[in-house]
Amino acid sequence: MKAFIRTFGCQMNEYDSERIAYYLKNEGYSLSESLDEAEVIIFNTCAVRQKAKNRLYGHIGSLKRLKQKDPGRIICVGGCTAQNLKDTIQKDFPFVDIVFGTYNISEIGQLISKKKRVKQAICSIKEQGFDYRLEQSERPLPFKAYLPIISGCNNFCSYCIVPFVRGRERSLSADDIINEACRLSRKGVLDITLLGQNVNSYGNDLGSDIDFSSLLERVSRIGIERVRFMTSHPKDFSQRLVRVIRDNDNVVNHIHLPLQSGSDKVLEKMNRKYTLRHYLSVVDAIKSNICNCSITTDIIVGFPGEEEEDFEKTLDAVKKIRFSRAFTFIYSPREGTAAAEMEELVSPKLKKDWFGKLVSLQNRITYEENKKMEGKQLKALVECKSPKDDSLLQGRLYDNTIVLFASPEAVIGKMVDVKVKKAKAFYLIGELVGIH
Ligand code: SAH
Ligand code: SF4
Ligand code: F3S
């Protein structure tokens, strides 16, 4: 029996899809890349921007034809849009068999068996809960793994739907995390990413002394080749964390630190709880303590009330900080969030104009930063053949920058040394010089 899973959204959703894959496998399904041959189709959805929802509706609509061809097929919609819209998805698309929420993942096998017995559509959405079993996930690559350490979010940034669809923060027990990291290490995982919407608030709800820096230190001591983490919130990024990254070689020199805006007025309306000055002090502590630390970010343009001078402040901050990469978004109102009620909307034309300016500035910086890598010899984890050119392999540097190089396929899954030959706009071309 075949199942098809399509994942939208962030790493947390990718991890949830790995859990879904695990439960499906227990029911006897194997994953397929083909929609047509799949008996079970699962969309694991994201709700962070309106565009994500619109696109999803397009994708679900296109499944109607498959369902008509074979009514025995089971179509499931899970994830953040399911949690958000609940049974309205089935009102809009009556052929959707199962809607399941972000706390219902471990039930998916039972829901599918039930659907085979009953005729009516199933909508199973819990409003809270916690059903993680860290060893219960089916990872697509044997050498790389996500490891969630905290779920949910308490920050309620005014634009963001995540706290509404993922609930309050719940930290996993440090012992469970360490046990899982040890298990992954024994299985040969070389690159592990500790995941959370705000990893820096790890442990606040546990009532023990452990915080994120001490957890990171414990995970790093297991000796996995690379330990990453994301996302960090600038308001909670501690000096101690800077020291843990500096002092532990296998904690990668890469920090994803969303700025969102360079204007204090906008940051306040966003409820981010820091000023640009604070953000710059964190960047300064990182850059002055950790050699060659790459910083990446997220930025939103067109937030309600944002004016030309606010946008200019964002551009200035981007010029000053010189992020290796930035994920840039046009503000999208999400129903139920505080910002959705705000007035002084920025016109679509201005939003697009600002977005274009920000993207071209950041692209120039990314290229210039990539140029600085030319001539350097760096370690890369080889992941796969390059999707762009299958005569080359694709590896990832410490900060996730892609490097392409010629080599026999046998090095896939290994750490190699690569000499960077040429910088491209978004990736590097290198030459293999050694295998670990
Ligand atoms: N927890 C992470 C990521 C949250 S979602 C964090 O705190 O940074 C990823 C990114 O999507 C956010 O950083 C933000 O830049 C963007 N985003 C979230 N809601 C948005 C909205 N309503 N409109 C546009 N971008 C949004
Ligand atoms: Fe959303 Fe803010 Fe929480 Fe990130 S920290 S998930 S942006 S509310
Ligand atoms: Fe992630 Fe999107 Fe949900 S960003 S937490 S999948 S709303």
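Reckoned from all heavy atoms, side chains included, excluding hydrogens, waters and symmetry mates. Whatever order the structure lists them in is the order used to number ligands and atoms, beginning at 1.
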Distance under 4.0 Å to a non-hydrogen atom of [X]: what atoms of ligand 2 satisfy this?
| X | answer |
| --- | --- |
| Q197 | 6 (S) |
| F156 | 8 (S) |
| C153 | 3 (Fe), 5 (S), 6 (S), 8 (S) |
| P163 | 8 (S) |
| N155 | 5 (S) |
| R272 | 2 (Fe), 7 (S) |

Could you check whether [Y] and [X], counting side-chain N and O atoms only, form a donor-acceptor pair closer than 3.5 Å?
| X | Y | result |
| --- | --- | --- |
| Q50 | S332 | no |
| Y103 | D131 | no |
| Q136 | R19 | no |
| T296 | H254 | yes |

Flag the pair [X] and [Y] as a salt bridge only when some basic side-chain nitrogen lies within less than 4.0 angstrom of an acidic carboxylate oxygen.
| X | Y | value |
| --- | --- | --- |
| K67 | D97 | yes |
| E306 | K351 | no |
| E138 | K25 | yes |
| K313 | D316 | no |
| K379 | E225 | yes |

Lys/Arg cation over aromatic [Y]: [X], 6.0 Å, 45° cone:
| X | Y | result |
| --- | --- | --- |
| K388 | Y427 | yes |
| R55 | F8 | no |
| K2 | F4 | no |
| R49 | F329 | yes |

Report, in ascending order of atom number, the atoms of ligand 3 lying under 4.0 Å from any heavy atom of [X].
| X | value |
| --- | --- |
| Q197 | 5 (S) |
| C10 | 1 (Fe), 4 (S), 5 (S), 6 (S) |
| C46 | 2 (Fe), 4 (S), 6 (S), 7 (S) |
| N13 | 6 (S) |

### Summary
Closest heavy-atom pair, C46 versus A52, reported as atoms and distance to 0.1 Å, is O-CB, 3.8 Å

#### Entry: Closest non-hydrogen atom pair, I222 against A181
CD1-CB, 3.5 Å

### Query
Of all the heavy atoms in Q260, does at least one lie under 4.0 Å from an atom in ligand 1?
yes

### Query
Taking the non-hydrogen atoms of V162, is any one of them nearer than 4.0 angstrom to ligand 1?
no

Region of [X] engaging ligand 1 - heavy atom pairs below 4.0 Å:
| X | result |
| --- | --- |
| F329 | side chain |
| V48 | both |
| H233 | neither |
| N198 | neither |

### Query
Is there at least one pair of N or O atoms, one from R49 and one from ligand 1, spaced under 3.5 Å apart?
yes

Heavy-atom count around [X] [atom1] within 6.0 Å, excluding the residue itself: above 12?
| X | atom1 | answer |
| --- | --- | --- |
| K116 | NZ | yes |
| R133 | CZ | no |
| E33 | CD | no |

Quick one: nearest non-hydrogen protein atom to [atom], plus distance?
| atom | answer |
| --- | --- |
| atom 19 (N) of ligand 1 | Y159 CD1, 3.3 Å |
| atom 10 (C) of ligand 1 | D298 OD2, 3.4 Å |
| atom 8 (O) of ligand 1 | P258 CG, 3.1 Å |
| atom 2 (Fe) of ligand 2 | C157 SG, 2.3 Å |
| atom 7 (S) of ligand 2 | Y159 OH, 3.4 Å |
| atom 6 (C) of ligand 1 | T231 CG2, 3.8 Å |
| atom 22 (N) of ligand 1 | S332 O, 2.7 Å |

### Query
How does P258 reach ligand 2, if at all, at less than 4.0 Å between non-hydrogen atoms: by side chain, backbone, both, or neither?
neither

### Message
Below a 4.0 angstrom heavy-atom separation, can you tell me which part of V162, side chain or backbone, both or neither, approaches ligand 2?
### Response
side chain

### Query
Is the side chain of Q362 donor-acceptor paired with the backbone N or O of F323 at a distance under 3.5 Å, no angle test?
yes

Pick whichever of [options] has a heavy atom sitting closest to [atom].
| atom | options | value |
| --- | --- | --- |
| atom 24 (C) of ligand 1 | T337, I330, L257 | I330 |
| atom 7 (S) of ligand 3 | G79, P163, A47, A52 | A47 |
| atom 2 (C) of ligand 1 | Q50, H256, Q197 | Q197 |

### Task
Using a cut-off of strictly less than 2.8 Å, determine whether C160 has an N/O/S atom near atom 1 (Fe) of ligand 2.
yes

### Message
Please work out, at 4.0 Å between heavy atoms, whether the side chain, the backbone, both, or neither of C80 comes within that distance of ligand 3.
### Response
side chain

### Query
Heavy atom of R166 under 4.0 Å from ligand 2?
no

### Task
Determine, using heavy atoms of R166 and all atoms of ligand 3, whether some pair is separated by less than 4.0 Å.
yes

